[in-house]
Amino acid sequence: MEARFRQSGISTVFDRPLHKDLFLKGFFTALYYRNSCYQCKYAQSKRIGDLTLGDFWGVDKEVVKTDLEKGISLCMVNTQKGQRLFDFINKYIEKVERPIKEAFAGNKQLNHPMPHSLRAKYFSILYPIIGFKWAVCLSIPEIIIKNLIIGHHYSHQ
């Protein structure tokens, strides 16, 4: 993951490989969502906004050729107003139309909210006692171990 920040003319780059980023690991496994997120009435296939924007995690990588390290965005047009907005920006963007089922297959929260898992409950108990790093590590140990192996592999290439 890379993020760039600029404040008072000073640029800062945050760059951390995903296998080393505990925050994202916990986020992707729904360890520390707000309680309301686990019951979100908007996490469903019927969208209420004019447009839905997000990461396109379900895209068919064989059909859409792109640098997936940089990611690919999803823009779903949900209303006529959304279509007008999309038409307005059309000439400024690179786009590929894909079946909606790809988006729903790869983005669980387009179908339903993430469940409040036992892991999330462990995290909420452990975090105040042992802090963020250890609470994440003990809540998703198999993911942490897998990423240690990946990190070890990359460091020896």
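The ring-ring contact (aromatic ring centres under 6.0 Å, His included) search around His112 returns none, not counting sequence neighbours.
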What's the verdict on side chain to side chain contact (heavy atoms under 4.5 Å, CB included) for Tyr122 and Leu138, showing C-alpha distance, side-chain angles and the deciding distance? CA-CA 8 Å; Tyr122 287 154; Leu138 292 173; over 6 Å; no

Decide side chain to side chain donor-acceptor pair (under 3.5 Å) for Asn78 and Thr52; before the verdict, give the C-alpha distance in whole Å, the side-chain angles of both, and the deciding distance to 0.1 Å. CA-CA 7 Å; Asn78 304 318; Thr52 298; 2.8 Å; yes

Leu110/Met76 under side chain to side chain contact (heavy atoms under 4.5 Å, CB included): CA gap, chis, key distance, verdict: CA-CA 11 Å; Leu110 291 176; Met76 292 175 23; 3.9 Å; yes

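Expressed to the nearest 0.5 Å, how far NE2 of His116 lies from CD of Gln39 amounts to 9.0 Å. The CG atom of Leu126 sits 12.0 Å away from the CH2 atom of Trp134 when rounded to the nearest 0.5 Å. Summarising the geometry, atom CD1 belonging to Ile125 is positioned 11.0 Å from atom CD1 belonging to Ile130; distances are rounded to the nearest 0.5 Å. Residue Ile140 holds its CD1 atom at 11.0 Å from CD1 of Ile145, rounded to the nearest 0.5 Å. For the atom pair CG (Asn35) and OG (Ser124), the distance works out to 8.0 Å, reported to the nearest 0.5 Å. Distance check, rounded to the nearest 0.5 Å: CZ of Phe86 to CG of Asp50 gives 14.0 Å.
Between the side chain of Asn111 and the backbone N or O of Phe104 there is at least one donor-acceptor pair closer than 3.5 Å. At least one donor-acceptor pair under 3.5 Å links the side chain of Arg119 to the backbone N or O of Ser139. At distances below 3.5 Å, at least one donor-acceptor pair connects side-chain atoms of Asp21 with backbone N or O atoms of Phe23. Side chain of Tyr33 to main chain of Ala120: no donor-acceptor pair is present (N/O by atom type, distance under 3.5 Å, no hydrogens or angles).
A single hydrophobic cluster is seen to contain both Ile144 and Phe123, as judged by linkage of ILVMFWY side chains at heavy-atom distances under 4.5 Å, directly or through other members. Clustering ILVMFWY residues whenever any of their side-chain heavy atoms sit less than 4.5 angstrom apart, transitively, puts Met114 in the very cluster that holds Tyr127. Both Phe88 and Ile93 belong to a single network of hydrophobic side chains, linked directly or stepwise wherever heavy atoms of I, L, V, M, F, W or Y lie under 4.5 Å apart.
Here the closest heavy-atom approach between residue Asp55 and residue Asn107 is recorded as O-OD1, 2.9 Å. When all heavy atoms of Cys40 and Pro113 are compared, the pair lying nearest together is O-CG, 3.4 Å.
Atom CD of Glu142 has more than 12 neighbouring heavy atoms from other residues, nucleotides or ligands inside a 6.0 Å radius. No more than 12 heavy atoms of other residues, nucleotides or ligands sit less than 6.0 Å from atom OH of Tyr42.
The aromatic ring centroids of Tyr32 and Phe27 lie 6.0 Å or more from each other. Between Phe28 and Trp57, the gap from one ring centroid to the other is short of 6.0 Å.
Two residues are said to be in side-chain contact when any heavy atoms from C-beta on lie closer than 4.5 Å; Leu31 and Val136 meet this criterion. Contact annotation: the side chain of Leu53 never approaches that of Leu74 to less than 4.5 Å [non-hydrogen atoms, C-beta and beyond].
The stretch residues 87-106 participates, sequence neighbours left out, in these side chain to side chain donor-acceptor pair (under 3.5 Å) pairs: Gln83-Asp87, Asn90-Lys95, Arg98-Glu102.
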